[in-house]
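Only one structure is covered here, and it is reproduced in the block below.
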Amino acid sequence: MAQTKFDKQVEETAEAVVFGIGRFLAGRPMDGERKTDATFWHRGTRVLPKVEAKVSRSSYRAGWQRLTFRVSGLAATGGAGYWALWENQDSTFATAQDIWENPDPALAMLETGGIAAASAAAVGGVAYGLLTRKRREFMREWVCPLHEALAVPLGMSELTDPRRYLHVPRNFSDDDAEIRIDVPTHMRFNEDLVADLIVKKLALENVSFTWRRAGKDTHVIVKKRKAPPKKLSLSDPGVREILAKMPDSAPLIGLGAGKKKVSVDLDAESPHVLISAGTGGGKSIILRCITCQFIHNGAHAYVLDFKRISHTWARGVPGVTYCRDIAEIHDALVHLAQESRRRLALAEHLADDVLEKEPWRGGPRIVILLEEVNASMAQLKRYWAKIRESGDPKTSPAVDALAEILFMGRQVRLHVLLIAQSATARAIGGPEMRENFSTRILVRYTLNAWRMLVPEVSPIPMATEHPGRVQVVTRGRAQETQVLNLTNAEAREWAMSGVHTKGTTGAALQKTAAPAADLIADAWSLNPPVPAGDPDGSPADTTATPPANPAPAAPAGDPDDAVVGLRKAQQDHLPDLTLAALRWARANDPDFPASAGKRGAELLYRIGDLKKWVRNRPRGAVGTTDVD
């Protein structure tokens with residue numbers, strides 16, 4: 001008797017059910033297609049060559065894991081259904097027949113349960129997305145690109161889940177991190193090519209490769225071979241000797257791999273340094289390390305600290321001017337721009353090669369620390385908008401002065417050490433100003449910050465949370481560096497143990513020959529007279545001219561006993577300070593002298609008291625302390 005079409009369908013259905021039950025109990029894929037190399041006892045690591053469709057995560061699980069999930073799911077579903085329909089029933093229905101005849105209560109329960117399940121699923125999905133955001137970013141930025149590079153050389157399908165064979169920890173840039181990559185057992189690949197791709201895609205330096213080729217567990221372990229020291233302090237053996245031997249133009253930043261000295265030469269390589277880091281990245285520690293070495297070697301330092309407390313170690317140190325408020329910062333930048341122009345005029349007056357052979361003739365090296373440029377630049381603009389008068393330019397002269405210093409800093413030995421949380425071109429004053437920073441130090445940077453500041457360095461090294469670990473980028477190369485961490489006391493001690501305290505700052509001036517001695521000597525005072533000459537600033541002769549606004553003739557007796565108002569004191573005795581800065585100090589500085597009387601509504605002050613306040617406020621001596 002011939003088999004009918006119905007009988008054939010029944011037979012095929014029964015066969016499919018039997019095979020489905022068998023696959024279910026064996027932990028095999030329900031569609032019967034094997035997509036990975038997973039077995040009943042071992043999980044899969046790669047997709048089989050002939051598979052073309054996308055592979056789900058469950059395909060990588062071992063058979064016993066699939067079976068466990070399936071049985072558990074059936075048991076949970078059955079138990080929940082039994083509890084919902086029979087154990088938790090109310091008086092409305094008691095049997096299946098009652099449910100059939102009166103389905104409304106059952107439908108209401110199912111609707112309530114469905115809403116609760118959907119709400120729980122939505123909340124769980126949002127929570128899962130937030131908790132796994134960093135892991136997904138890490139996969140997208142590092143693991144997936146490495147998989148795309150290694151899949152073909154290793155002879156693996158590109159559909160393979162990278163997490164199944166690439167075991168890359170999120171802190172793989174740390175010194176003790178270990179990277180493991182499972183490789184095919186056939187070993188028919190170029191090990192050197194694979195190692196080179198791993199180094200390039202993960203931006204690794206000085207790493208070792210340990211290959212395991214025997215047996216089924218074939219893999220390679222990647223570790224750092226020569227890492228920078230975990231920490232670096234002045235008390236470590238040999239550090240003081242290293243600092244003492246560093247050139248005056250190239251302070252030590254820290255030590256790199258293999259304890260290699262990392263520094264930047266402000267004369268030969270980069271006249272200015274940009275430090276980019278988020279809060280808590282140790283920006284002030286880096287500046288403290290660099291600046292105290294400059295002061296030790298005779299440089300003058302201007303600390304423009306809008307936060308007022310970032311460099312307390314430098315207060316009162318000879319050779320340091322500490323500007324705490326925005327008026328002082330404004331005045332200091334304008335004054336430094338004038339000093340740079342004076343030095344250019346001096347360089348034009350001297351022979352071409354004199355300053356190259358004897359740079360001290362132009363004046364001492366000046367280092368300018370500009371803290372938190374994002375906030376400081378905005379405050380400078382607001383300050384100028386507040387004090388500018390009719391006819392004044394709209395652009396803050398302090399911002400223009402900073403740009404002028406950045407463009408001519410190398411020739412006149414004025415160097416800017418700038419700190420920014422986000423060193424955008426807008427924050428610094430424009431992309432052309434940012435290009436003056438040939439050396440850039442990045443700490444706890446984001447990928448966007450790296451691409452913005454040093455796009456020429458690729459691949460991007462992974463940022464680390466290790467305290468004091470930075471990337472020093474110069475000449476298109478990044479060096480992982482452990483910064484020298486000096487305490488406030490150590491930085492102060494090192495700064496004060498150098499040239500300024502020993503009184504040798506002006507020793508070189510004795511070598512200067514007449515008739516230009518007077519003009520060159522003025523280079524050591526940061527308030528020098530400008531030589532008279534053409535309108536463009538070129539000097540007419542070699543003798544110094546008197547100040548433009550000389551002090552009036554002193555009355556009989558001690559001139560410091562004279563009592564004048566703030567405006568008169570600023571014009572005749574305190575030319576380095578603005579009237580706004582004096583008024584601000586009177587309102588905010590507890591050390592500002594008390595008034596000595598009144599003339600109508602105007603408060604009067606003793607000249608000697610104002611001079612004493614100028615000398616003793618938190619500013620180190622620069623040049624002479626005689627404000628007259």
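Note that this is a predicted model, so its numbers are computed, not measured. Along the sequence shown, residues are numbered consecutively beginning with 1. All values below come from the heavy atoms of this structure, side chains included, with hydrogens, waters and symmetry mates left out.
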**Asked** Which pairs pass ring pair (Phe, Tyr, Trp, His ring centres under 6.0 Å) with one or both residues in residues 416-443, sequence neighbours excluded?
**Response** H272-F437
**Prompt:** Taking it one step at a time, do I329 and Y302 satisfy side chain to side chain contact (heavy atoms under 4.5 Å, CB included)?
**Reply:** CA-CA 9 Å; I329 295 174; Y302 269 69; over 6 Å; no
**Request:** First locate atom OG of S249, then atom CZ of R413, and finally report the distance between them rounded to the nearest 0.5 Å.
**Result:** 9.0 Å
**Message:** I'd like to know if the side chain of H300 and the backbone of I366 have a donor-acceptor N/O pair within less than 3.5 Å.
**Reply:** no
**Message:** Strictly below 4.0 Å, N to O, side chains only: are R606 and D560 in salt-bridge contact?
**Reply:** no
**Asked** For the side-chain contact (heavy atoms from CB on, under 4.5 Å) test, which of V367, I275, I286 pairs with L417?
**Response** V367
**Asked** Is there a donor-acceptor pair under 3.5 Å between the side chain of S270 and the backbone N or O of T439?
**Response** yes
**Message:** Checking W313 against C292 for the side chain to side chain contact (heavy atoms under 4.5 Å, CB included) test, could you report, in this order, the C-alpha distance in whole Å, the side-chain angles of both residues, the deciding distance, and whether it holds?
**Reply:** CA-CA 9 Å; W313 65 271; C292 73; 3.9 Å; yes
**Message:** So, taking the atom named CD in Q471 and the one named OG in S173, what distance separates them when rounded to the nearest 0.5 Å?
**Reply:** 8.5 Å
**Fill in**
Sorted by chain and number, sequence neighbours left out, side-chain hydrogen bond (donor to acceptor under 3.5 Å, both in side chains) with Q379 holds for none
**Prompt:** Are L369 and H311 side-chain neighbours, meaning at least one heavy-atom pair lies under 4.5 Å?
**Reply:** yes
**Request:** Indicate yes or no: at least one non-hydrogen side-chain atom of C323 is less than 4.5 angstrom from one of T321.
**Result:** yes
**Prompt:** Below 4.0 angstrom, N of the basic side chain to O of the carboxylate: do R451 and E141 qualify?
**Reply:** yes
**Message:** When you compare the side chain of S497 with that of H296, does any pair of heavy atoms fall below 4.5 Å?
**Reply:** yes
**Message:** Taking atom CZ as the centre, does R567 end up with more than 12 heavy-atom neighbours from other residues, nucleotides or ligands that are less than 6.0 angstrom away?
**Reply:** no
**Prompt:** Do N488 and R288 have side chains that get closer than 4.5 Å, going by heavy atoms?
**Reply:** yes
**Request:** Measure across L255 and V262 and return the closest heavy-atom pair with its distance rounded to 0.1 Å.
**Result:** C-CG2, 4.3 Å
**Request:** Give, for atom CG of L418 and atom CD of E372, the distance between the pair rounded to the nearest 0.5 Å.
**Result:** 9.5 Å
**Asked** How close do A585 and F592 get, heavy atom to heavy atom, and via which atoms?
**Response** O-CB, 3.7 Å
**Message:** Please give me the minimum heavy-atom distance between D175 and A227, naming the atom from each residue.
**Reply:** OD1-CB, 3.5 Å
**Message:** Please enumerate all residues that pass side-chain hydrogen bond (donor to acceptor under 3.5 Å, both in side chains) together with T578, with sequence neighbours excluded.
**Reply:** D331
**Prompt:** If you measure from OG1 on T395 to CG on L380, what distance do you get to the nearest 0.5 Å?
**Reply:** 12.5 Å
**Asked** Does the side chain of W613 reach to within under 4.5 Å of the side chain of D609, using non-hydrogen atoms?
**Response** no
**Request:** Taking side-chain hydrogen bond (donor to acceptor under 3.5 Å, both in side chains) as the test, write out the residues that go with S284, two or more places apart.
**Result:** E371
**Under 3.5 Å: donor-acceptor pair, side chain of E269, backbone of D265** = yes
**Message:** For Y383, give me all partners under ring-ring contact (aromatic ring centres under 6.0 Å, His included), at least two apart in sequence or on another chain.
**Reply:** H330
**Prompt:** Between R343 and E339, is there a side-chain N and carboxylate O pair less than 4.0 Å apart?
**Reply:** yes
**Prompt:** Closest heavy-atom contact between D325 and A327?
**Reply:** OD1-N, 3.0 Å
**Request:** Quick one: do L442 and V470 satisfy side chain to side chain contact (heavy atoms under 4.5 Å, CB included)? Show the steps, please.
**Result:** CA-CA 6 Å; L442 289 87; V470 304; over 6 Å; no
Compile the donor-acceptor pairs under 3.5 Å between side chains in residues 479-486 and protein atoms, sequence neighbours left out, one pair per line.
residue, atom, partner, partner atom, Å
E480, OE1, K224, NZ, 3.1
E480, OE2, K224, NZ, 3.1
E480, OE2, R469, NH1, 3.3
T481, OG1, Q479, O, 3.1
Q482, OE1, R469, NE, 2.8
Q482, OE1, R469, NH2, 3.2
Q482, NE2, K230, O, 3.3
Q482, NE2, P467, O, 3.0

**Prompt:** Any side-chain heavy atom of V457 within less than 4.5 Å of one from W450?
**Reply:** yes
**Asked** Would a distance-only check, ignoring hydrogens and angles, find a side-chain to backbone donor-acceptor pair under 3.5 Å from R440 to V472?
**Response** no
**Message:** Show, in sequence, the C-alpha distance, side-chain angles and deciding distance for L274 and I441, and conclude whether the side chain to side chain contact (heavy atoms under 4.5 Å, CB included) test is met.
**Reply:** CA-CA 6 Å; L274 170 64; I441 302 176; over 6 Å; no
**Prompt:** So which heavy atom on L232 is nearest to which on G254, and how close?
**Reply:** CD2-CA, 4.1 Å
**Expected output: side-chain S376 to main-chain V373 donor-acceptor under 3.5 Å** = no
**Prompt:** Do K261 and L252 touch side chain to side chain, with heavy atoms closer than 4.5 Å?
**Reply:** yes
**Message:** Using every non-hydrogen atom in the two residues, find where L603 and R586 come nearest and quote the distance to one decimal.
**Reply:** CD1-NH1, 4.2 Å
**Asked** D305 and R324: salt bridge (charged side-chain N to carboxylate O under 4.0 Å, His left out), yes or no, with the steps?
**Response** CA-CA 5 Å; D305 182 14; R324 300 174 298 169; over 6 Å; no
**Asked** Do any N or O atoms from the side chain of Q571 and from the backbone of K568 form a donor-acceptor pair under 3.5 angstrom?
**Response** no
**Message:** Do P593 and L610 make a side-chain contact, defined as non-hydrogen atoms from C-beta onward lying under 4.5 Å apart?
**Reply:** yes
**Item:** R444 CZ to H466 NE2 distance, which is reported to the nearest 0.5 Å
**Value:** 10.5 Å
**Request:** Check whether NZ of the Lys or CZ of the Arg R315 lies under 6.0 Å from the centre of the six-membered ring of Y322 and within 45 degrees of that ring's axis.
**Result:** yes
**Prompt:** Donor-acceptor pair, W384 side chain versus P393 backbone, under 3.5 Å?
**Reply:** yes
**Complete:** Rounded to the nearest 0.5 Å, the CG atom of L234 sits from the CG atom of L243 at a distance of 6.0 Å
**Asked** Are a donor atom and an acceptor atom from the side chains of N297 and R365 found within less than 3.5 Å of each other?
**Response** no
